[in-house]
Structures are given as C-alpha cells and as structure tokens.
Amino acid sequence: MTTADHAAPGRPPRAELPPAYLPGDVESRRYAEWVKAGYFTAEAGRDAPAFTIMIPPPNVTGSLHIGHALDHTLIDALVRRRRMQGYNALWLPGTDHAGIATQNVVERELAREGLSRHDLGREAFVDRVWQWKAEYGGKILGQMRRLGDSVDWTRERFTMDEGLSRAVQTIFKRLFDDGLIYRADRIINWCPRCMTALSDIEVDHSDDEGELVSIRYGDGDASVVVATTRVETMLGDTAVAVHPDDPRYTRLAGTTVELPLTGRRIPVVADPHVDPEFGTGAVKVTPAHDPDDFEIGRRHDLPSLTVMDERGVVTAPGPFQGLDRFEARPAVLAALREEGRVVAEIRPYVHAVGHCDRCGTTVEPRLSLQWFVKVEPLAKAAGDAVRDGRVRIYPAQLAARYFDWVDDMHDWCISRQLWWGHRIPVWYGPGGQVRCTGPDEDPPGEGWTQDPDVLDTWFSSALWPFSTLGWPDDTPDLRTFYPTSVLVTGYDILFFWVARMMLFGLYAMSAAGPEESVPFRQVALHGLVRDAFGKKMSKSRGNTVDPLDWIDRFGADATRFTLARGASPGGDVALSEEWVAGARNFCNKLWNATRFALLNEADSAAGLDADDRAALSVPDRWILSRLAAVTAEADALFEEFEFAKLSDALYHFAWDEFCDWYLELAKATLNGQDAAAARRTRRVLGHVLDELLRLIHPVMPFVTEELWTALTGGESVMVAPWPQVRPQDADPAAEAEVESLMRLVTGVRRFRADQGLRPSQRVPAVFDGLAGSPLATHEPSIRALLRLTEPAGEFAPNASVQAEGITVRLDTSSGIDVAAERRRLTKELATARADADTSARKLASPSFVAKAPAAVVAKSRDRLAAAEAEIARLEERLAALAGS
RNA sequence: GGGCGAUUGGCUCAGCGGGAGAGCGCCUCGUUCACACCGAGGAGGUCACUGGUUCGAUCCCAGUAUCGCCCACCA
C-alpha cells in the first residue's frame with residue numbers, strides 16, 4: 001500500500017485505487033503478507049475460546065479440484081469469521097498417504113521404466129514412494145494458497161508422519177488388547193487388479209448385464225437344477241442347498257449329486273437361507289467364493305475349495321487351469337453344454353455387481369485371512385453421540401443415513417495387501433505365537449516375522465482429529481484444540497471418514513469424558529459440485545471446472561463467492577462460467593463502491609458519535625438499520641452453515657441497498673450545502689462500508705482486504721473485529737420512509753420509461769402534495785434520482801404521474817404519448833381490480849372472517865381499501881386521458 | 001430388493017398454510033461526474049398429476065408419474 005502524503009490531517013492515509021479490480025495483482029501479495037504477519041497461526045493455551053477445523057486431508061497424489069475448492073471455501077469462511085470474533089482459531093492442513101491411490105501412481109511410474117514393484121522389492125519400493133512424495137506430493141498444499149486458505153502452515157501434518165504413525169500403532173495395540181481387533185478367515189471383497197482386500201464401502205455396486213445359466217447337477221431322479229451368474233465358480237462347489245420345507249427336494253436332502261466336469265460328488269443340504277421362490281429353489285454352494293455360500297458352508301461344515309488365485313485366474317486342476325475368470329466363464333459353459341448339462345435357455349440377467357472404487361475392476365469375493373475391527377461396541381457409542389446431541393449433523397436430515405450405517409455396520413476389514421501404508425504391528429513367532437507391538441516397543445528378535453500387510457488408509461484418517469494434535473501424548477495442542485469444532489466435508493464420505501472418526505475418536509479419547517471425547521461437535525455436510533445443468537462433472541463429459549483456471553481468469557474471490565452462493569446444507573452446487581463472471585462483477589461493484597467512498601472522503605475512523613445520531617438523515621438511519629438487520633442475519637446464517645443464503649443476503653444488501661439506493665441518496669447530502677450533514681453522512685458511509693467489508697471478508701478475503709485497508713488505513717481486515725449487531729440502530733420509521741421514497745421514485749421511473757423519456761434527459765417538474773408529506777425533506781434526492789429539474793422560465797406541464805399520494809407534473813416538451821399512458825394505466829387497473837376481487841371474495845366468506853386470524857382479515861380489508869382507492873384513481877386518470 | 005429426496009418462470013435454485021421470489025438468460029432505453037464487470041424499465045409461472053384435510057394448500061396427508069441419490073450376501 002502506498003501512503004498518500006496528501007491525506008488530510010486526522011484522516012487515515014489512503015491508497016489510490018485503479019478503476020477496476022485486478023485480482024491477480026492483489027492475491028499473491030496479500031497472501032504472503034498474511035502468512036508473514038502470522039495471522040494464520042494459532043497458539044496453544046491462548047486465553048481465548050478455541051475454534052478448530054481439521055482439513056479433510058486430500059490425497060498426496062491429488063491436486064486442487066473444484067470439490068476441494070468448495071470445501072475449502074466453506075471452511076475458510078468459518079475460520080476467518082471465528083478469528084475475527086476473537087477465537088483462537090486453528091485450521092490445520094495436511095495430506096493423506098492414500099494407500100492404494102498413491103501406490104498405483106508410483107507403480108505406473110515404474111511401469112514406464114518397465115519395472116514392477118516386485119523388481120524393486122518392498123523396502124526399495126517404499127523408499128521410492130517417499131521419494132515421489134518429496135518431489136511431487138503436496139502439490140495441492142501450494143494450490144491452497146491460491147484459494148486464500150487461512151491454514152496454520154506451522155502445523156501441517158501427513159498421515160504417515162512419525163507422530164501420526166505412533167498414533168496408529170498406539171490405537172491398534174489398544175484395540176488389539178481390548179479384543180476389538182481380530183484376524184480371521186472371511187469372505188472379503190478382493191480386487192484382482194489392485195491385488196488387495198477391500199472394505200465393504202470401497203466397493204461400488206452397479207447393475208450390470210450378465211447371464212443366468214441353469215445347470216443340471218446329477219442325473220435322472222437324483223438330479224437338481226441350479227442357476228448361477230458366475231458359471232466358473234461351479235468348479236469350487238462343495239454342496240447344493242435347498243430349503244428344508246421345500247417338498248420338491250425333501251427326498252434329495254441328505255443325498256449326494258454328481259458335480260459335472262469334476263467327477264466329484266457333493267451333498268445336498270437343507271438350509272433355511274434358501275429362498276424356495278427364487279429360480280428352481282436349489283442353489284449351488286461355493287463357500288470359498290461367495291459370502292452367502294460361506295455362511296451356508298459354516299453351518300453345514302462344508303469344505304471351502306478355492307479355485308481362483310489372487311489375480312482371478314483359475315487354479316483348479318483340469319482343462320480350465322490358468323484361464324482368467326472371464327475366459328473361464330465361457331469355457332466352462334461350453335464344456336457343460338457339451339455334456340448336455342445346460343438346461344432351458346440362458347437368460348440375460350441384470351444384477352448388481354461390485355467394482356473396486358479405485359480402479360473399477362469387478363470385485364471377486366474371496367476367502368482369505370484378514371484383520372478386522374470388531375465395530376459393534378464402537379459403532380454403538382458413535383451412534384449415541386449423535387443421538388444424544390453431543391455431535392450435531394447439518395443438515396439434520398443426513399443424520400438418518402448416518403444411523404442406518406452405524407447401527408448396522410459389519411466388521412471392518414482393515415488389512416490391505418499393499419506395501420505403501422502403516423504396516424500392521426503384529427509379529428508371528430515360533431510355535432504360532434502372535435504378538436502386537438506398541439509404538440515404544442522394540443520388535444521381537446530372531447525367528448519373528450512381521451505381518452506383511454498394511455492398514456486401510458481410512459484407519460489412519462479416522463485418527464486425524466487427534467493424531468494431528470500430538471495424541472497419544474497429552475500435548476498443549478491436544479488440550480487446547482480437541483474436540484474440534486466443526487467437520488466440514490462432502491456427504492459422500494460420511495461413511496468412509498466421518499463415521500470412522502466418530503468410532504475412533506470416542507474410543508481413543510474416552511478418558512476425557514462423554515462431552516470432551518467427541519472428535520467434533522458439529523458436522524457440516526455439503527454436496528457435490530455439478531455443472532450448470534445439474535449434471536455430475538466428469539472428464540468424459542468434458543464439463544469439469546478447474547478452480548485454478550477460474551482463479552486465474554476471474555479471481556479467487558469470485559470463485560469462492562460462486563461456490564459459497566451455491567452451497568446450501570447437504571445440497572449439490574451447480575456451477576457455470578456465467579455465474580463466476582457475475583461474482584467477478586460483484587467484486588468490481590464493491591471495488592467501485594469503495595472508490596466512491598474514498599473520493600467522497602468517507603470517514604470510517606471517527607465512528608458514530610453519539611451526539612450526531614439524533615441529527616442523522618433518514619437515509620443514514622435507514623442504512624444503519626439495514627446494516628444491523630443484515631449483520632444479525634449473517635450471524636444466524638453462519639451458525640446454520642447456510643452459505644448460499646448468507647452470500648445472497650450480503651450480495652443484495654451490498655448491491656441493491658447500499659450501492660443502488662444508499663450511495664445515490666447520499667450524493668445529495670455529500671454534495672449539499674450543509675457541511676455538518678455531509679460530515680455525518682461521510683461517517684455513516686465510512687462506517688457502513690467498513691462493516692460491510694468485514695462481513696464479506698470470510699467469503700471474499702482478498703478484495704475485502706485490499707478495500708478495507710484502503711478505506712480505513714487499518715492493518716488488516718483479517719484481524720479487525722467481527723461486526724456487532726447494534727439493536728439500537730433498528731429504525732422502522734426510517735425504513736418505512738425510505739421504502740415509500742423507493743416506491744415514489746420507481747413509479748415515476750416507470751412512467752418515464754413508458755413515455756420514452758431517456759433516463760438521462762432532464763425534465764422540469766413540480767410536485768403536488770410533497771410539501772406536507774414525510775418525503776418533503778428528500779426532494780433534492782428525488783429530483784436527482786429522477787432527473788427532474790426545478791422549472792425555470794416557462795413551465796407548461798403536459799403530463800403527470802401519481803405515486804405515494806404525490807402528483808408529479810412534468811413538462812416533457814414533446815408532449816405525452818397518450819397510447820402508452822393508457823396502456824400503462826389499463827394494465828395497472830387490471831391488476832388493481834384483480835387485487836380487489838381477491839380481497840372481496842375472501843371477505844365475503846363468513847367462515848374466513850370467523851376463523852382466520854384477525855391480523856389476516858385486517859390485512860385483507862386494508863388491501864381491499866387500497867385496491868379500491870387505486871381503482872378510483874386510475875379510472876379518473878383514464879377518463880381525463882380520454883377527455884384530453 | 002430396501003430407504004431417502006426431488007418435481008416452482010428458458011437454465012440453476014430459494015420459499016413451504018394467508019395474494020409467487022432470486023441469480024443468470026431474454027426484450028426496451030441509456031456515453032448520469034464509483035462502476036458498461038454499469039444504470040433504468042419490462043416480459044415470462046394454472047408452483048408434476050389426482051384425490052383428501054382446512055375458512056383457505058405451491059406449502060400438510062395419501063396415491064400416481066417422472067427423475068435422482070444412498071444402502072443391499074437372492075444364486
């Protein structure tokens with residue numbers, strides 16, 4: 001900022017502002033200043049209430065996309081407001097190691113060198129990933145600066161940091177010792193491409209087209225027909241199951257049938273799980289490759305026969321060995337056909353098929369030995385914390401989805417057959433011993449080997465609210481900033497992340513007591529970003545928006561405002577370039593309003609002197625009243641995470657009320673003869689703009705900083721106090737008077753437009769009935785707004801218009817367009833008659849008068865009276881028009 | 001298969017028991033000394049359909065249709 005040495009004594013120095021806002025100039029400079037000043041840095045133990053938000057840690061592989069931009073805009077707005085309110089505000093940044101995603105990225109890089117991770121070996125591969133992370137990881141952190149994120153860079157964390165790894169080991173051991181982590185053979189979701197187990201929620205189901213094939217097992221009377229969509233799994237069948245009460249199969253239950261192609265005989269078992277209504281009422285049982293069948297197998301003590309390996313390749317000895325599962329399917333089918341085993345027709349069949357959410361590969365249910373978290377007790381506590389209000393979900397509606405999940409959660413498979421991640425701290429020793437080591441224990445010595453698997457990446461994310469603050473140690477940060485205040489994230493990771501933070505936060509921090517162990521007190525969920533037509537953004541659709549591109553072209557503030565303006569709780573956000581252009585225009589509007597204020601020596605430093613208050617003009621009282629209202633509204637909307645309404649309220653106050661009306665009304669005083677009045681208005685103007693810029697700052701930090709410092713000469717709007725609502729400014733009389741003035745001005749403008757008078761054309765006019773009216777004092781403003789001059793010399797009014805009980809008689813020189821006037825009056829008459837009709841009809845109904853609230857009836861009476869008066873007036877005018 | 005939600009001007013959405021709102025788009029006028037990234041005026045909707053409750057329904061209830069989302073181990 002340049003210091004203007006010509007500033008008047010006692011006034012803050014002022015910068016010259018260019019005629020339009022150029023964001024590129026301002027943003028990087030301001031961000032650097034903020035960081036340098038230490039505004040983003042929170043202080044443990046400071047004597048102020050803490051306000052904490054943890055960033056939803058983006059993948060280290062990630063770069064800033066529009067979804068992050070939305071999330072960060074909302075978080076930053078919350079944090080900036082709290083900081084201005086004097087809270088010890090912390091927004092902690094960091095990244096997630098993102099197990100599969102990152103491993104995939106580095107593996108792809110290796111593949112370009114013709115290598116696989118196995119060529120390097122585990123240790124070298126993990127080194128390579130760290131190397132990659134050092135070089136390319138955290139790109140997104142740099143991009144966050146462009147958005148203006150006020151994160152505390154001194155507290156940046158990574159989920160594989162030493163400290164966070166200690167947290168992972170600590171909680172693993174604690175859960176292990178409490179019997180809440182166990183290892184078992186289970187059917188899990190297996191991705192044959194990523195070659196790892198997945199948890200249930202890492203599987204996306206889609207309705208895929210397949211075939212339902214009916215196959216006859218056994219021969220003649222001792223045969224049974226089963227149906228399957230995965231023909232190749234029949235190689236691993238170890239039974240056929242029927243319902244115990246199904247009369248068709250009572251004689252078969254307990255016998256055996258021959259399994260085609262294998263020469264094996266398998267039992268027919270009776271199991272109540274089988275639905276007799278579905279298909280033939282008989283089902284093939286493949287315990288090693290189907291979760292249902294696994295359960296049936298357990299109940300009947302059936303063997304589990306694994307017939308495919310980790311890649312989905314058939315391992316069962318025979319002609320199909322070595323075929324991929326999707327090659328084996330038609331091959332097995334052909335062989336069955338040849339034996340005449342396929343019965344009836346093969347039906348096209350649409351059914352839900354699971355896909356790996358990382359790579360899209362069809363998931364293969366697979367029997368394997370994995371680690372699980374026993375979630376039932378944890379989930380119970382997680383559900384209760386929301387049920388009893390210790391944690392509140394916004395919008396409340398989404399709490400139902402949360403309950404559905406935590407109240408019926410399956411055990412969580414946490415082991416992954418990857419190399420990149422937190423290694424499971426369990427060792428296997430001589431004689432089948434198993435030992436779980438804590439973070440401060442040495443690994444067991446000779447003869448022990450560590451479990452090769454790593455943990456699900458969400459395991460460490462689940463600890464984020466406290467692992468980032470130093471847990472398990474009792475650190476000043478942990479004491480100051482936990483529980484965190486708000487979790488802001490998209491509803492799409494409610495289960496992945498939010499629910500699991502609840503599970504682990506309540507467990508790990510239980511010693512703090514029920515109120516203080518929650519990971520966050522509020523959860524503010526937003527939606528997904530969509531295009532202008534409400535369609536999902538996707539690269540294939542070509543409708544994606546790159547926030548960095550928008551920041552370059554429209555500015556960070558415009559990008560942020562566009563996102564905030566679309567964000568209602570839980571709602572998706574539709575975006576298009578027209579909208580961000582509109583937001584850019586809004587920045588420019590504020591810019592020019594401030595330029596106007598500076599040109600007119602608006603005075604924000606003097607404050608509103610109590611002695612002056614009584615002398616304030618009506619427009620001054622009006623804008624102060626409106627400011628008080630909009631400040632209260634902004635506070636309420638912030639508390640409810642209603643960012644769309646908040647942005648809208650500020651936009652309309654700033655543009656419609658402040659710029660379009662107040663500044664125009666203020667011009668008369670500022671340019672008027674009364675120096676004292678002008679001084680008062682300069683103070684009100686400075687004060688209102690000062691507070692308006694503060695109110696907008698959380699959403700649009702850069703432009704408001706530039707303008708506020710120029711206006712006030714203050715250090716930074718970031719550390720300026722958040723505006724207080726002053727109830728004493730509420731002034732219904734002033735509001736009513738200005739509203740009346742607006743109606744008068746608008747009415748006359750409509751007349752002028754209808755008459756084809758150019759907006760800039762000055763027209764001599766006199767007012768009848770203004771003298772006695774409350775609007776009398778506003779005559780100079782009204783004349784200025786309407787371009788009406790005092791008659792000078794000859795004045796021959798040839799037209800008149802009425803509004804607010806005032807008649808304006810004008811000398812249009814060119815005369816009046818009678819047809820246009822008649823059209824306007826006729827239209828207004830029709831409206832008035834319709835209004836009178838409606839009111840009259842209502843009032844004619846005895847039940848309405850008897851049962852409706854008195855205020856409603858009175859309102860209808862008033863409307864009827866007003867409409868009738870209007871009709872009389874318009875008829876009279878039309879008659880006069882006809883006579884002329 | 002289960003659950004949830006939506007259906008309001010051309011588009012995206014607010015409103016949710018007392019006479020329909022916004023932004024953008026559209027039409028007309030305008031070089032007014034903060035801003036053409038602007039100003040002024042205007043057009044445009046039987047609030048999906050059918051019943052019900054009510055003095056009164058866009059708003060509450062039921063059903064229908066269409067669309068969307070989440071969950072799901074019927075081969």
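Just so you know, these numbers come straight off a predicted model, no measurement behind them. Per chain, numbering begins at 1; letters A, B, ... match sequence-line order.
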What is the nucleic acid contact for A/Lys645, judged by heavy atoms within less than 4.0 Å: base, sugar-phosphate only, or nothing?
-> sugar-phosphate

So NE2 of A/His351 and CD of A/Glu211: to nearest 0.5 Å the spacing works out to 9.5 Å

Given B/G68, is OP1 or OP2 found less than 4.0 Å from the side-chain N or O atoms of A/Lys535?
-> no

Within the pair A/Arg750 and B/A40, is there a side-chain N or O less than 4.0 Å away from OP1 or OP2?
-> no

Sugar-phosphate or base contact per nucleotide [nucleotides 28-37 of chain B; S, B, -; heavy atom under 4.0 Å] | -BS-B-BB-B

Distance, C1' atom - from B/C55 to B/A72, rounded to whole angstrom = 48 Å

Quick one: A/His205 NE2 to B/C71 P, roughly how many Å, whole number?
-> 8 Å

Looking at A/Tyr349, does any N or O in its side chain come under 4.0 Å of the phosphate oxygens OP1/OP2 on B/A75?
-> yes

Can you tabulate the close N/O pairs, meaning under 3.5 Å, that link protein atoms to atoms of nucleotides 9-11 of chain B?
from	atom 1	to	atom 2	distance (Å)
B/C11	O2'	A/Ala532	O	3.4

So CZ of A/Arg325 and CD of A/Glu364: to nearest 0.5 Å the spacing works out to 4.5 Å

Detail all sub-3.5 Å separations between protein N/O atoms and N/O atoms belonging to nucleotides 43-45 of chain B.
from	atom 1	to	atom 2	distance (Å)
B/A43	OP1	A/Lys827	NZ	2.9

Is the closest side-chain donor-acceptor distance between A/Asp656 and A/Trp661 under 3.5 Å?
-> no

